[in-house]
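What follows is a set of notes on a single structure, which appears directly below.
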Amino acid sequence: MKTETEQFVQEMADIAITCFMQNQRVTFWGYCPEVLIHLARSGLLPRMPFQVVDDRTACQGKPVFTANVESPDQIPSFRPDAVIILDPARAMQIYETAVEQYGIKPTKVFAPKEMWRQEDHCDDPLYLDCLRSIPSSIRGGLSIPRVAVHLFQALVYVVKHPIDGEVLNLGIYQGWSMYFICSLLKKLGNDSRAVLGFDSFAGMLGDHERDCFCEHQIALGKTGRNFFKDTSLALCREHLRDFGHVTIIDGNICDTIQAVKGRKVALALFDMDDYSATRAALPEVYAHLAPGGVILHDHFTFDTLCEGACVGQRLAMREFLADHPMFHLHGTNVFLKI
Ligand SMILES: C[S@@+](CC[C@H](N)C(=O)[O-])C[C@H]1O[C@@H](n2cnc3c(N)ncnc32)[C@H](O)[C@@H]1O
């Protein structure tokens, strides 16, 4: 069992190795001898362009391999591709300074995963309002409340930034997440933004050996193969009748995802639970995703795998990430296009 410090050292070293493999210039913010010694011992530090900065004057000037700890004022002249925060206690403050004061892109700042830990609830009245607006007759929803919080935060980010493009909902069922998206865009005064939903309305198709959803649920004795069949295009249209700019595309996404061609995507919520649907849609969505745009999975972290049932979705994303590096907000299901 690793100690907390060992886990932290490993996590941050993994991020540094990823940056190194992409030939990135790295600024380490925070004097943390454990991580730096680990990287020096692995032979990485001597081979990568790096600097170490710390805003605490007591740390400045301390030797680090062939360099000394500098003031963050030296960041602009170093021109880093990535900033790795090595001071977990002050991670959020450092993140904000790096972005706001030194103009580092948010997607280029790597923080310890604790910083991104999300609560299952959110007190923002807009979020609560949005949840309450969904009629109770609409069945379905997202795996755990935290994903709805992520969806809320990601939509607010896309609107405020602003990231140009449409919002996609891949996997509609009866329209719960579609309703949430449309309702929030309306409340944010952004209801002219197009929302595009995809579903077969035929339930889980599961025709690939890695399509794990139904098999798991049946093995658990939950039910037969009747998942998500109690819906239809007409029912969803009825549920979403109050919103303009909504298009629903009916059919197997492995074919219908072509509809994304010629469009620009700001955010895509993936909630089809299975491997083949997710694997087929990812490349097309990614190709049309705006820089800084968001891919949000309902099922990626272990606590959102629904007793292992949606592991196919996770497998598809992991496979996709191997040749499409995206910025992953650690511990979440949120990925940003770099
Ligand atoms: C978990 S439900 C979606 C729940 C929805 N996001 C909500 O908020 O209630 C999964 C949906 O994905 C759809 N789906 C699964 N595989 C599909 C495929 N290959 N093509 C189109 N839709 C698919 C199913 O029909 C089902 O409605």
Side-chain angles (χ1 to χ4, degrees), residues 130-131 133-152 154-155 167-184 195-217 222-240 243 246-260 267-285 295-300 304-317 333:
C130 202
L131 277 186
S133 71
I134 304 173
S136 57
S137 54
I138 302 183
R139 298 180 70 178
L142 297 167
S143 57
I144 56 173
R146 196 180 309 157
V147 182
V149 177
H150 290 170
L151 179 57
F152 168 73
L155 277 164
V167 175
L168 308 189
N169 184 161
L170 300 96
I172 307 174
Y173 181 40
Q174 292 198 0
W176 192 97
S177 49
M178 277 291 267
Y179 201 104
F180 183 92
I181 291 167
C182 296
S183 174
L184 181 56
V195 180
L196 188 61
F198 293 81
D199 209 295
S200 63
F201 302 107
M204 306 304 293
L205 302 174
D207 51 6
H208 189 287
E209 59 174 316
R210 303 184 107 188
D211 284 335
C212 310
F213 184 85
C214 288
E215 301 317 320
H216 275 269
Q217 293 292 304
K222 297 232 155 166
T223 180
R225 286 183 186 275
N226 57 354
F227 284 98
F228 308 121
K229 287 190 177 163
D230 52 339
T231 185
S232 67
L233 176 60
L235 182 77
C236 285
R237 285 210 171 120
E238 170 62 16
H239 283 162
L240 299 165
F243 305 106
V246 173
T247 308
I248 299 179
I249 306 209
D250 182 2
N252 186 339
I253 198 140
C254 300
D255 309 317
T256 58
I257 193 59
Q258 297 304 325
V260 96
L267 183 152
L269 168 66
F270 277 75
D271 190 16
M272 296 174 298
D273 297 0
D274 254 349
Y275 173 85
S276 48
T278 311
R279 193 68 187 96
L282 274 167
E284 286 300 337
V285 170
I295 284 184
L296 172 54
H297 284 279
D298 190 29
H299 310 281
F300 188 82
T304 57
L305 288 181
C306 298
E307 298 162 298
C310 302
V311 74
Q313 180 166 343
R314 177 183 165 86
L315 288 174
M317 184 58 180
N333 294 346

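All ligand and atom numbering here is 1-based and tracks the order in the structure.
- Partners of Arg237 under the salt bridge (charged side-chain N to carboxylate O under 4.0 Å, His left out) rule, at least two apart in sequence or in another chain, do not exist in this structure.
- The aromatic rings of Phe228 and Tyr173 stand perpendicular to each other, their planes meeting at an angle above 60°, with 30° marking the opposite boundary.
- Scanning for side chain to side chain contact (heavy atoms under 4.5 Å, CB included) contacts around Ala154 gives Leu267, Val294, with sequence neighbours left out.
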Table of N or O contacts for ligand 1, cutoff 3.5 Å:
from	atom 1	to	atom 2	distance (Å)
ligand 1	6 (N)	Gly171	O	2.9
ligand 1	6 (N)	Ser177	OG	2.9
ligand 1	6 (N)	Asp271	OD2	2.8
ligand 1	8 (O)	Ser177	N	3.0
ligand 1	8 (O)	Ser177	OG	3.0
ligand 1	9 (O)	Gly141	N	2.8
ligand 1	19 (N)	Asn252	OD1	3.0
ligand 1	20 (N)	Ile253	N	2.9
ligand 1	22 (N)	Ser200	N	3.1
ligand 1	25 (O)	Asp199	OD1	2.6
ligand 1	27 (O)	Tyr173	N	3.3
ligand 1	27 (O)	Asp199	OD1	3.3
ligand 1	27 (O)	Asp199	OD2	2.7

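- Ring-plane geometry between Phe243 and Tyr179 is classed as perpendicular, the angle between the planes exceeding 60 degrees on a 0 to 90 degree scale with a lower cut at 30.
- Between the side chain of Asp274 and the backbone N or O of Ser276, no donor-acceptor pair lies under 3.5 Å.
- Note on residues 199-211: pairs passing salt bridge (charged side-chain N to carboxylate O under 4.0 Å, His left out), not counting sequence neighbours, are Arg210-Glu319.
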